[in-house]
There are 2 protein chains.
Amino acid sequence: MFNLSVIPRHMGRRSDHTPQELRQLLVREGHALMAERGFARFSAREAARRAGYSVGTIYNVFGSLDAYLLAVNSRTFRLWSAWLEAALDGVPPGGTARLEALVRAYFSFAAENANCWLAIYDHRIDRETPIAKEDVAAREALTAIVDREVSAWMGKPADAETRRLVRSLISMVHGHCAMWLSGSFALLQESDPASQALARVLEVLAAQSD
Amino acid sequence: MFNLSVIPRHMGRRSDHTPQELRQLLVREGHALMAERGFARFSAREAARRAGYSVGTIYNVFGSLDAYLLAVNSRTFRLWSAWLEAALDGVPPGGTARLEALVRAYFSFAAENANCWLAIYDHRIDRETPIAKEDVAAREALTAIVDREVSAWMGKPADAETRRLVRSLISMVHGHCAMWLSGSFALLQESDPASQALARVLEVLAAQSD
DNA sequence: CACGAAACTAAACACTGTTCAATTAAAAAA
DNA sequence: TTTTTTAATTGAACAGTGTTTAGTTTCGTG
């Protein structure tokens, strides 16, 4: 019994996928592999193999391994944003209901996609290596959701100070999530880190009213 | 010109280091290499080479790569704890001065030892792989410092609730630090994450008084 | 002094990421 | 249509990994 989906092919140019399709195929396959194995055991060779191509194709299409990993992680960001929006959908404004839904969805996505979520932060790149604008956009979209919800809660458009606070709030929630999922020392005995994070967020926001 | 410090040796048993010395030597060399290269480009082979031994010795001494990395990271934890104590030394109680010093020292250690600090969280191990009690102790010592300072500030011994809060506070500060040092999306434009973290800590602590 | 156990190494294995010449097919030009 | 050019794809090579194991040397012990 052998794998029919990956037929050995000859050298040379192929045309069974358009450039766009190929990009998408490689990203999806890489994303699935990342979910399965996690960042430490991820292999570009294996991802290409599963897509029915050879490693070289990844370098052709993305230019570098870093760019490929960035693209794989961008998919995680897009799925994450969609998850948050879905969780917020239908929650009425007023009180802290939407903020609560936001924090809980932030956590639940990370928990249900632990390997991919952690890979976002596992992948380090030099400060000066250029990042494709598509990848920047995927990251900014997530922050924008929090900006929107916090400024809605505050009842005023987000000024510079608010935006700064939002990034601090994100870091707070991120910290709880990262400590929890990476199994680090601090939160080993914490059974409900999401509730802790939420409590801290509400305390900090309440403190801003003064 | 060749390296005198690593003289090629024969096979077989040696006795130029006691077991303790050898352990320490390998950990120090590994720690230095981690500081130089970071987790992603760390190599146990290279660490052993620099110590004048072969890879196999690491497996002999530590049993597994995971155990070795744990030991290397434990050294970081011990240095970190010492750094915090040094920063706290001489700061008088009263007000938030000691808490402020604590948070700032937390950050400055991470900043000055970025690769080693990040390695602590980069190294993932299965939940069930056993951790040497020496390594557990190094991690608990850090948490204990924060427990001590927070309960001193509160003016009461730390009960279960306080200990839970402390772990949440650590996660908050960790989040700011991690976002900053890993160069992730949110804090790229934040010039002073330590001050943001500190502000959040004080807001949260103030909220507990009610 | 002999001998068993402990420490240490070299080598093998199966993998990586990265680069590049060779190959094939598509697209463009004639 | 035929030819030529250009683009996509691969296999193979290279220098590294982590991990295991057989073999070598030396230390302690009887």
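All heavy atoms count here, side chains included; hydrogens, waters and symmetry mates do not. Predicted, not measured: the structure shown is a model, and the values here were computed from it.
C/dT9 atom P lies 7 Å from atom OH of B/Tyr53, rounded to whole Å. Spacing between atom NE2 of B/His17 and atom C1' of C/dA6 amounts to 18 Å, rounded to whole angstrom units.
Both the sub-6.0 Å distance and the 45° axial angle are satisfied by B/Arg14 relative to the ring of B/Tyr53.
The structure places CG of B/Leu198 at 9.5 Å from CE of B/Met172, a figure rounded to the nearest 0.5 Å.
A/Ser182 and B/Arg124 make their closest contact through CB-NE, 3.6 Å (heavy atoms, listed as atom of the first residue, atom of the second, distance).
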For nucleotides 27-29 of chain C, print each protein N/O atom paired with a nucleotide N/O atom at under 3.5 Å, atom names and distance only.
none

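Of the residues in residues 57-74 of chain A, those with a non-hydrogen atom less than 4.0 angstrom from any atom of DNA chain C are A/Tyr59, A/Leu65. Residues from residues 22-43 of chain B with heavy atoms under 4.0 angstrom of DNA chain C, sorted by number: B/Leu22.
Residue-level contact check: B/Ser15 touches the backbone only, with heavy atoms under 4.0 Å from sugar-phosphate atoms and none from bases.
Ring planes of A/Tyr68 and A/Phe62: tilted class, angle from 30 to 60°.
For residues 131-144 of chain B, no pair satisfies salt bridge (Lys or Arg N to Asp or Glu O under 4.0 Å), with sequence neighbours left out.
In this structure, the side-chain contact (heavy atoms from CB on, under 4.5 Å) partners of B/Arg41, at least two apart in sequence or on a different chain, are B/Arg37. Listed by chain and residue number, B/Arg163, B/Arg167 satisfy the salt bridge (Lys or Arg N to Asp or Glu O under 4.0 Å) test with B/Asp147 (two or more places apart in sequence, or in another chain).
In the model, B/Asp159 has a side-chain atom that pairs as donor or acceptor with a side-chain atom of B/Thr162 under 3.5 Å. Remark: the B/Asp66 side chain and the B/His123 side chain contain an N/O donor-acceptor pair separated by less than 3.5 Å.
Judged by distance alone, with hydrogens and angles left aside, A/Arg45 brings a side-chain donor or acceptor within reach of the base of C/dG17, the pair sitting under 3.5 Å.
B/Tyr106 and B/Trp83 have their aromatic ring centers separated by at least 6.0 angstrom. A ring-centre distance under 6.0 Å is not found for B/Phe107 and B/His176.
Both B/Gly56 and B/Met11 lie close to DNA chain D; mapped to their nearest nucleotides by heavy-atom distance, the more 5′-ward contact belongs to B/Gly56.
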